[in-house]
Amino acid sequence: MSHRSDTLPVPSGQRRGRVPRDHSIYTQLLEITLHLQQAMTEHFVQLTSRQGLSLEERRHTEAICEHEALLSRLICRMINLLQSGATSGLELQVPLPSEDSRGDVRYGQRAQLSGQPDPVPQLSDCEAAFVSHDLSNRGIDISVFYQSSFQDYNAYQKDKYHKDKNTLGFINLGTSENKLCMDLMTERLQESDMNCTEDTLLQYPDWRGQPFLREEVARFLTYYCRAPTRLDPENVVVLNGCCSVFSALAMVLCDPGEAFLVPAPFYGGFAFSSRLYAKVELIPVHLESEVTVTNTHPFQLTVDKLEEALLEARLEGKKVRGLVLINPQNPLGDIYSPESLMKYLEFAKRYNLHVIIDEIYMLSVFDESITFHSVLSMKSLPDSNRTHVIWGTSKDFGISGFRFGALYTHNKEVASAVSAFGYLHSISGITQHKLCQLLQNTEWIDKVYVPTNCYRLREAHKYITAELKALEIPFHNRSSGLYVWINLKKYLDPCTFEEEWLLYCRFLDNKLLLSRGKTYMCKEPGWFRLIFADELPRLKLAMRRFCDVLQEQKEALIVKQLEDAMRE
Amino acid sequence: MFTLPQKDFRAPTTCLGPACMQDLGSSHGEDLEGECSRKLDQKLPELRGVGDPAMISSDTSYLSSRGRMIKWFWDSAEEGYRTYHMDEYDEDKNPSGIINLGTSENKLCFDLLSWRLSQSDMQRVEPSLLQYADWRGHLFLREEVAKFLSFYCKSPVPLRPENVVVLNGGASLFSALATVLCEAGEAFLIPTPYYGAITQHVCLYGNIRLAYVYLDSEVTGLDTRPFQLTVEKLEMALREAHSEGVKVKGLILISPQNPLGDVYSPEELQEYLVFAKRHRLHVIVDEVYMLSVFEKSVGYRSVLSLERLPDPQRTHVMWATSKDFGMSGLRFGTLYTENQDVATAVASLCRYHGLSGLVQYQMAQLLRDRDWINQVYLPENHARLKAAHTYVSEELRVLGIPFLSRGAGFFIWVDLRKYLPKGTFEEEMLLWRRFLDNKVLLSFGKAFECKEPGWFRFVFSDQAHRLCLGMQRVRQVLAGKSQVAEDPRPSQSQEPSDQRR
């Protein structure tokens, strides 16, 4: 038995080798970078420790902090690279039958540098994460990207508003969740048909999804998408969420560095999904709010714009493999007409592009005068082998915690390649049973759930839009989805993304979580997405906080304008 | 899990595992496709029952290069599993169907589990369980996992919920760890034979390789038992990988081991951990069979029970309910690591590996029910495992077939080398096919990267009637009495495209 511990001497293979020359270069570079890092940290401490009293100054300080975080992230990655360079040199040494076992002085120095778990102890916790030796560069990237994207959401998770227990907690009108029908869903899921623990549900499944569930999904989509012919269960792959489906599609349709076109503004989760695992770029097709001759309605998507974006991307040497469409659109709430949809599909066919259509809000169209046309309802698809449809229960049934997403594709090759991810994105058999029961009950869906849900969405939407009108805030008035896309441009001076971010922070300070246009790659600063699918008391309180912030912002703007005027 | 025929990705001269997507990250463009298909063409002769070349390198494919590789994984790994699923044995409906002694599942305790999962405390539905939650897993579940592991792993200090990340199974955990600990093309060391599906788990997204530490059945030198892992062998494999320019980032240990059914002593574990520390390697310890040690005399120790870990920041422990609670379809796995960077990075990927809130609630209820686990489930499960194990090992003894098994896991590692006249992997494959043709599915050694042809894994954790029938079919094949034994269909081994059923 060996109780050797960390005091153990370096193994002979390592001790004996001489240090290659490249090595000392790494070491020197590493030292320089560490100095640079320290200098930078001190500089930023000086910059940010000045006690600014006004809100404005505080905001700018925060902006500086953001830059600092970015810079330190870059530097830390350099350090990581250098350290791995220094270490790999060491590891590659071939053990020599040497006499001396102590190694030379230079080796000792370097070993100290790269051997300590944290060479820069003065860093704060958050920053220390970025110098982690333990993660790969892509691991660091994933971690940092996640933390920067979900920092505020995590703050909300830890400090949620509760009408009795935490009245000062965050209200979240930022995350797209439907909280209006929890009563119906809770009741439905408690019914006896939901509970089944058969052997087959506890065993390894078909990784594409249990056959009974795939059959039910095919039937469900045939019915609700009004497919002209019955959809085939063999074309269905079931995974634990639409983001998993998207991630798997991005993996099998693109090689790293290749790209999809996406009309912007668009749901930020896709940017996340394409970056974390798949390393696929999303190229925004920028849409404009202004109505012109060619732009008959705000944020209109036209084939010209698609073509222009495609050609531009190609000029830059990018390889575009597909087009991503969200219908009903998130965050705009727009619905594509069958004619425009056909044009987009034909455009894609012309350029051999795959089309991924996310129809996750298809049952959340709450105005009866509007008809949603699923791409699966088309008589014939221009390029059925390159058209892939995503749907899930998170939004339409308000059960984002269920983790269910489905792919429908006519392309067997794509279906089986995506199935290889079944292992990594699998759903519990017990959950698959519940989902099957849920989707099967067409009567309950048609007579109880959908009408109630649409009614409640409509009422909540009515309330929110009335409030916005009273505040004279322009918004994109559509009747699908769980959100309104609002324009707060007039509260920004100057109208920049930095100011947009500051306003977002002001909301956050008032415990109100919204989403800002920048995260949807919107080209124009000042747009926000507001979720209204929440219970009325919470919604009312949220709107009170919303008004307070805008009032505060308005006053700050007036003060600023006065100051500017006096200076002139 | 199915560890059925896996294609041989291995380049002939190296000890490295699949390099499948390794080169894809560095470049893209037209050249890549050419290069890729060329590589594939080179490797194709090594594939067995995989798929027709046209599907992989075809210009008309709708998939990206890596997409074609990924699909290849799916097509190839699936053969036996798919054949089995199309012709599953059923006592009444399909008595001549295939008996599956290949997939490592515990089918002995569904009655107990089914009863437990349908108790009223399991049926809770509340809004917070239906909505987005902490991606690390609901706090109530992470607390239960920490308590559960503290107790069953006999941790000297209470384990902490902050160090727990919950996801949908061990496969996802391998994938996430490979991604956050390694760059594309880097490697983990793994002693072979090993549970072969890990190759796919670490490759699909992570695009990393496995560097094999080959173990021998023969007892030589300082070894005291067959397939013994020693630090010398680890050192050698590491050196070899380095000399081939491959950067090794970690070591994967499976304890109790799959397919050997072996456990590491605390002393051995300590040595491996010290080795890893010396080389600054992460250690992923997969303890998914930790409660399936059915021989009391086997002194199993979890790595979490060690007084002091040599390098706690680089030691990451995995556990799941798939094996110990016989619920591979439930998709619940968990990571325990003291390294917050690693926990956070894995959690960052959890939106792709989440499991339903309702299932999280059920798992918390299950793990909390210490009385039922200790007094009902574990004793009964162990008794049944032991009985099944005794039956199969007796059968093998009567047949005069050597095997290894120390009383942990669901399988016996069986030495059928004497049935291979030339001792080649081709013969091993033919024998495997003969078993399949005689309607019994087994796993062959090559799927575990075993160096010596002729080893098979027999899973014994199945109901007695199926087990008897399965063994009867095995006997027939070995006695050369199966109908097809004399007439192996030539198309099966020579025209892989015919396998794509």
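By convention in this document, chain letters (A, B, ...) are assigned in the order of the sequence lines, proteins followed by strands, and residues within each chain are numbered from 1. Model, not experiment: these values are computed from the prediction.
Interface remark: of the candidates B:E126, B:Q131, B:Q123, B:Q131 forms the most heavy-atom pairs closer than 4.5 Å to chain A. If you tally non-hydrogen atom pairs under 4.5 Å between each of B:A345, B:S128, B:G169 and chain A, the highest count goes to B:A345. Chain A forms more heavy-atom pairs under 4.5 Å with one residue of B:S265, B:G357, B:G250, B:G206 than with any other, namely B:G206. Across B:F275, B:W135, B:F325, the residue that shares the most heavy-atom pairs under 4.5 angstrom with chain A is B:W135. Of all the listed residues (B:L349, B:V359, B:L167, B:L273), the one sharing the greatest number of non-hydrogen pairs under 4.5 Å with chain A is B:L349.
In this structure, A:C243 and B:R351 approach most closely via the heavy-atom pair SG-O, 3.6 Å. Pairing each heavy atom of A:S247 with each of B:Y205, the nearest pair is OG-OH, 2.9 Å. For B:L181 against A:D134, the heavy-atom pair with the smallest separation is CD2-O, 3.2 Å.
Between the side chains of A:S394 and B:Y132, no donor-acceptor pair is found at a separation under 3.5 Å. For B:S61 and A:E413, the side-chain atoms include at least one donor-acceptor pair closer than 3.5 Å. No side-chain donor-acceptor contact under 3.5 Å links A:Y204 and B:S322. The closest side-chain donor-acceptor pair between A:R403 and B:S356, if any, does not fall under 3.5 angstrom.
No donor-acceptor distance shorter than 3.5 angstrom exists from the side chain of B:H353 to the backbone of A:H425, with no hydrogens or angles considered. Between the side chain of B:R66 and the backbone N or O of A:V252, no donor-acceptor pair lies under 3.5 Å.
Between A:S428 atom OG and B:L355 atom CG the span is 7.5 Å, to the nearest 0.5 Å. Of the inter-residue distances, the one linking A:E198 atom CD with B:L117 atom CG reads 13.0 Å to the nearest 0.5 angstrom. The line from OG1 of A:T186 to CZ of B:R124 is 11.5 Å long, rounded to the nearest 0.5 Å. A distance of 8.0 Å separates CG in A:L424 from CG in B:N168, rounded to the nearest 0.5 Å.
For B:A178, the part sitting under 4.5 Å from any heavy atom of chain A is the backbone (N, CA, C, O) and nothing else. Only the backbone of B:L129 comes within less than 4.5 Å of a heavy atom of chain A; no side-chain atom from C-beta onward does. Using a 4.5 Å cut-off between heavy atoms, B:L330 contacts chain A through both its backbone and its side chain. No part of B:Q360 comes within reach of chain A, as not one of its non-hydrogen atoms sits under 4.5 angstrom from that chain.
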(request) Go through the steps to decide whether B:K107 and A:D199 satisfy the test salt bridge (Lys or Arg N to Asp or Glu O under 4.0 Å), and finish with yes or no. (result) CA-CA 8 Å; B:K107 295 178 183 163; A:D199 299 5; over 6 Å; no

(request) I would like to know whether B:Y81 and A:W207 meet side-chain contact (heavy atoms from CB on, under 4.5 Å); could you show each step before the answer? (result) CA-CA 11 Å; B:Y81 195 59; A:W207 294 110; 4.2 Å; yes

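Screening A:T200, A:L201, A:L202 against B:F110 for a side-chain contact (heavy atoms from CB on, under 4.5 Å) leaves a single residue, A:L202.
Legend: residues meeting ring pair (Phe, Tyr, Trp, His ring centres under 6.0 Å) with A:F397, ordered by chain and number and at least two apart, are A:Y449. Every residue two or more places apart in sequence or in another chain that forms a side-chain hydrogen bond (donor to acceptor under 3.5 Å, both in side chains) with A:E281 is listed here: A:K318.
Using a 4.5 Å heavy-atom cutoff, the side chains of A:R321 and B:Y62 are not in contact.
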